[in-house]
> 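For reference, the structure I am asking about is given below.
The sequence lines fix the lettering, A, B, ..., with proteins before strands; numbering per chain opens at 1.
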Protein chains: 2
Amino acid sequence: MPKLGMEPIRKAALVKATIVEIGRAGSLDVTVSQIAKRAGMSSALAHHYFGSKEEIFLAAMRHILTLYGAEVRGALAAAQGPEGRLRAVLTASFSPGNFRREAVSAWLNFWVLAQSVPEARRLLAVYQRRLRSNLLAGLRPLAGARAESVADGLGALIDGLYLREVLKSGAPDGAAAVTVALDYLTSQLKGPRA
Amino acid sequence: MPKLGMEPIRKAALVKATIVEIGRAGSLDVTVSQIAKRAGMSSALAHHYFGSKEEIFLAAMRHILTLYGAEVRGALAAAQGPEGRLRAVLTASFSPGNFRREAVSAWLNFWVLAQSVPEARRLLAVYQRRLRSNLLAGLRPLAGARAESVADGLGALIDGLYLREVLKSGAPDGAAAVTVALDYLTSQLKGPRA
DNA sequence: AAGTTTATTGACTCGTCAATCAACAAAAAC
DNA sequence: GTTTTTGTTGATTGACGAGTCAATAAACTT
């Protein structure tokens with residue numbers, strides 16, 4: 001009963017299933033069979049559409065980054081003024097969606113992947129550049145020449161806060177992370193030292 | 001030719017070899033045979049001394065944390081005054097040793113492990129508590145009541161800066177990371193807001 | 001209607017790997 | 001000097017997993 005035009009549907013299902021399975025395992029130690037089963041097809045079909053397990057992982061990574069990007073863009077669209085834009089980036093970065101088990105596991109494992117898979121490293125670089133550029137857009141009116149260095153610090157702080165929140169025991173607290181980041185921002189903008 | 005008292009020697013060799021292999025693979029996708037071979041023994045002996053692969057990994061993680069702890073302690077011993085102590089913690093955290101491939105891979109993978117292996121999570125919590133306590137010791141004389149929140153922000157910033165340095169392409173720059181962290185510190189200490 | 005393209009899977013290959021075990025060797029204990 | 005403890009490995013087990021392939025079937029083309 002083959003219906004035509006299945007490819008994008010199957011691929012999307014596999015990507016979703018991959019992220020779920022990575023979340024369940026907490027690692028990339030996930031078999032193609034597990035993924036395919038969760039996506040409701042045979043493992044042979046998964047190989048047919050993606051060619052290899054690594055391609056499946058990379059597609060999943062692209063999807064995670066796309067989701068994050070869309071969230072930021074959405075928040076940005078509703079933001080008013082430079083402070084509003086910065087706040088939008090922060091709240092999007094620490095939104096509940098990013099603290100779901102699947103997202104957490106995906107991010108941590110993508111950092112690991114980036115060490116050895118060039119394409120994964122490239123994708124992560126894209127994410128970082130986009131974040132930096134978003135921060136800079138909000139910072140330039142407020143920090144002038146210091147915008148660049150504040151953006152770099154803030155970018156690192158965002159990643160670090162995320163890491164802390166997801167690794168600590170107990171439920172992560174995105175709002176607290178936003179507060180700390182805003183506090184960093186305030187103190188950096190107050191005292192524009194040498 | 002069995003000499004007695006081999007156990008600690010063999011275990012130490014296995015731990016070292018494990019860290020090297022994790023560095024080479026960039027992941028925990030490392031076989032006991034690879035580790036044992038690098039350590040100059042049969043895989044059976046590795047199992048004999050550690051019981052399971054997971055135990056080997058945990059021993060490696062303990063070793064990495066021990067190394068880091070020793071480095072911090074050493075730097076702290078030579079430090080003068082609160083500012084000196086804080087600077088010591090930062091330089092130790094961004095020392096060249098922590099940017100060696102093996103160390104990087106170990107840290108990234110231990111973050112992943114911490115998601116699913118309780119003992120790994122515990123070890124990471126120990127590291128974070130120790131870091132926090134070291135920062136607090138330096139911060140209390142300088143920041144008073146704000147010490148706690150500054151320590152939390154600085155701790156996250158350290159992790160985030162580390163992550164950025166190790167994931168960016170090109171050689172990591174520990175000194176730059178220290179500078180950013182010190183700048184954070186300065187601006188936080190200047191404006192003790194409400 | 002014959003041929004082509006797309007969808008789909010069960011069965012299979014070939015490899016790997018964690019863990020176990022039997023056996024051997026040397027030192028220590030008795 | 002025999003028994004026990006410690007060190008050591010080759011061989012094996014038992015399981016699993018990525019990727020391939022032949023075969024089947026529906027749809028679309030000509």
Side-chain angles (χ1 to χ4, degrees), chain A residues 1-61 105 109 112-113 116-117 119-120, chain B residues 1-61 105 109-110 112-113 116-120:
Chain A
M1 62 268 261
K3 291 157 192 174
L4 290 214
M6 283 278 94
E7 177 156 356
I9 297 170
R10 293 300 202 186
K11 280 193 163 184
L14 283 167
V15 162
K16 251 189 198 174
T18 301
I19 292 167
V20 172
E21 285 298 317
I22 290 175
R24 289 175 71 88
S27 72
L28 300 183
D29 232 328
V30 165
T31 72
V32 175
S33 295
Q34 280 167 24
I35 294 170
K37 186 173 183 181
R38 177 165 300 271
M41 72 195 79
S42 74
S43 71
L45 198 52
H47 277 104
H48 174 64
Y49 282 127
F50 276 104
S52 74
K53 194 179 170 177
E54 185 172 309
E55 284 302 320
I56 301 180
F57 282 156
L58 288 174
M61 187 165 169
S105 197
N109 280 290
V112 167
L113 250 202
S116 54
V117 179
E119 175 68 5
Chain B
M1 63 264 266
K3 290 158 191 172
L4 290 214
M6 283 279 94
E7 176 154 358
I9 297 169
R10 293 301 201 185
K11 280 193 163 185
L14 284 167
V15 163
K16 253 190 198 172
T18 301
I19 292 167
V20 171
E21 285 299 318
I22 290 176
R24 289 175 71 88
S27 74
L28 299 183
D29 232 327
V30 164
T31 72
V32 175
S33 295
Q34 279 167 24
I35 295 169
K37 186 174 183 181
R38 177 166 300 272
M41 72 196 78
S42 73
S43 70
L45 198 53
H47 277 104
H48 174 65
Y49 282 127
F50 277 104
S52 76
K53 195 179 171 175
E54 184 171 310
E55 284 301 320
I56 301 179
F57 283 157
L58 289 174
M61 186 165 170
S105 196
N109 281 289
F110 291 160
V112 167
L113 250 201
S116 54
V117 179
E119 174 68 3

> Could you state the NZ-P distance from A:K3 to D:dC28, rounded to the nearest angstrom?
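From A:K3 NZ to D:dC28 P: 13 Å.
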
> Look at the side chain of B:Y49 and decide which nucleotide, out of C:dT6, D:dG19, D:dT8, has an atom nearest to it.
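Taking heavy atoms from C-beta onward, the closest nucleotide is D:dT8.
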
> Is the NZ atom of B:K16 crowded by more than 12 outside heavy atoms at less than 6.0 Å?
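It does not: B:K16 NZ has 12 such atoms or fewer within range.
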
> Atom CG of A:L28 to atom C1' of D:dA18: distance rounded to whole Å?
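The distance from CG of A:L28 to C1' of D:dA18 comes to 15 Å, rounded to the nearest Å.
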
> Are any non-hydrogen side-chain atoms of B:V15 and B:I19 less than 4.5 angstrom apart?
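Sidechains of B:I19 and B:V15: in contact.
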
> Rounded to the Å, how far apart are B:L45 CG and D:dG7 C1'?
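Going from B:L45 (CG) to D:dG7 (C1'), I get 7 Å.
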
> Just checking A:R38: does its CZ atom have more than 12 heavy atoms from other residues, nucleotides or ligands closer to it than 6.0 angstrom?
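Correct, the count exceeds 12.
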
> A:M6 has a side chain; which of D:dG17, C:dA18, C:dT8 sits nearest to it?
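The answer is C:dT8, which lies nearest to the side chain.
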
> Side chain of B:A44 only, heavy atoms from C-beta on: which candidate in D:dT8, C:dT8, C:dC21 is closest?
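Of D:dT8, C:dT8, C:dC21, C:dC21 is nearest to the side chain of B:A44.
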
> Looking at the side chain of B:H47, which of D:dT9, C:dA19, D:dT20 is the nearest nucleotide?
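Of the candidates, C:dA19 comes closest.
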
> Measure NZ/A:K11 against C1'/C:dT6 and give the value in whole Å, please.
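That distance rounds to 14 Å.
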
> Rounded off to whole Å, could you give me the CZ-to-P distance for the B:F50 and C:dT20 pair?
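My rounded result for the distance is 16 Å.
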
> Run the side-chain contact (heavy atoms from CB on, under 4.5 Å) check on A:V30 and A:T18 step by step: do they pass?
CA-CA 8 Å; A:V30 165; A:T18 301; 5.9 Å; no

> Calculate the interatomic distance between A:H48 atom NE2 and D:dA25 atom C1'; express it in whole Å.
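To the nearest whole Å, that distance equals 14 Å.
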
> Please state whether the phosphate of D:dT6, meaning OP1 or OP2, lies under 4.0 angstrom from any side-chain nitrogen or oxygen of B:R10.
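So the side chain of B:R10 is outside the cut-off, no N or O lying under 4.0 Å from OP1 or OP2 of D:dT6.
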
> How many Å lie between CD on B:E21 and C1' on C:dA18, as a whole number?
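Rounded to the whole Å, the gap is 16 Å.
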
> What is the distance, to the nearest angstrom, from the CD atom on B:E7 to the P atom on C:dA27?
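Going from B:E7 (CD) to C:dA27 (P), I get 18 Å.
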
> Would you mind telling me which of C:dT9, C:dA19, D:dG19 lies closest to the side-chain atoms of A:M41?
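So the nucleotide nearest the side chain must be C:dT9.
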
> Contact class for A:S42 vs. all strands (heavy atom < 4.0 Å): base, sugar-phosphate, or nothing?
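Base contact.
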
> Do B:K53 and B:I35 come close enough that some side-chain heavy atom pair is under 4.5 Å?
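Side chain of B:K53 against side chain of B:I35, heavy atoms only: no contact under 4.5 Å found.
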
> Closest approach to the side chain of B:T31, judged atom by atom: which nucleotide of C:dA28, C:dC17, D:dA27 is it?
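Comparing C:dA28, C:dC17, D:dA27 against the side chain of B:T31, the answer is C:dC17.
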
> Taking the minimum atom-to-atom distance to the side chain of A:K53, which one of C:dC17, C:dT20, D:dG19 wins?
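Of C:dC17, C:dT20, D:dG19, D:dG19 is nearest to the side chain of A:K53.
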
> Heavy atoms only, 4.0 Å cut-off, all strands: where does B:S52 land among base, sugar-phosphate and nothing?
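It contacts sugar-phosphate atoms only.
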
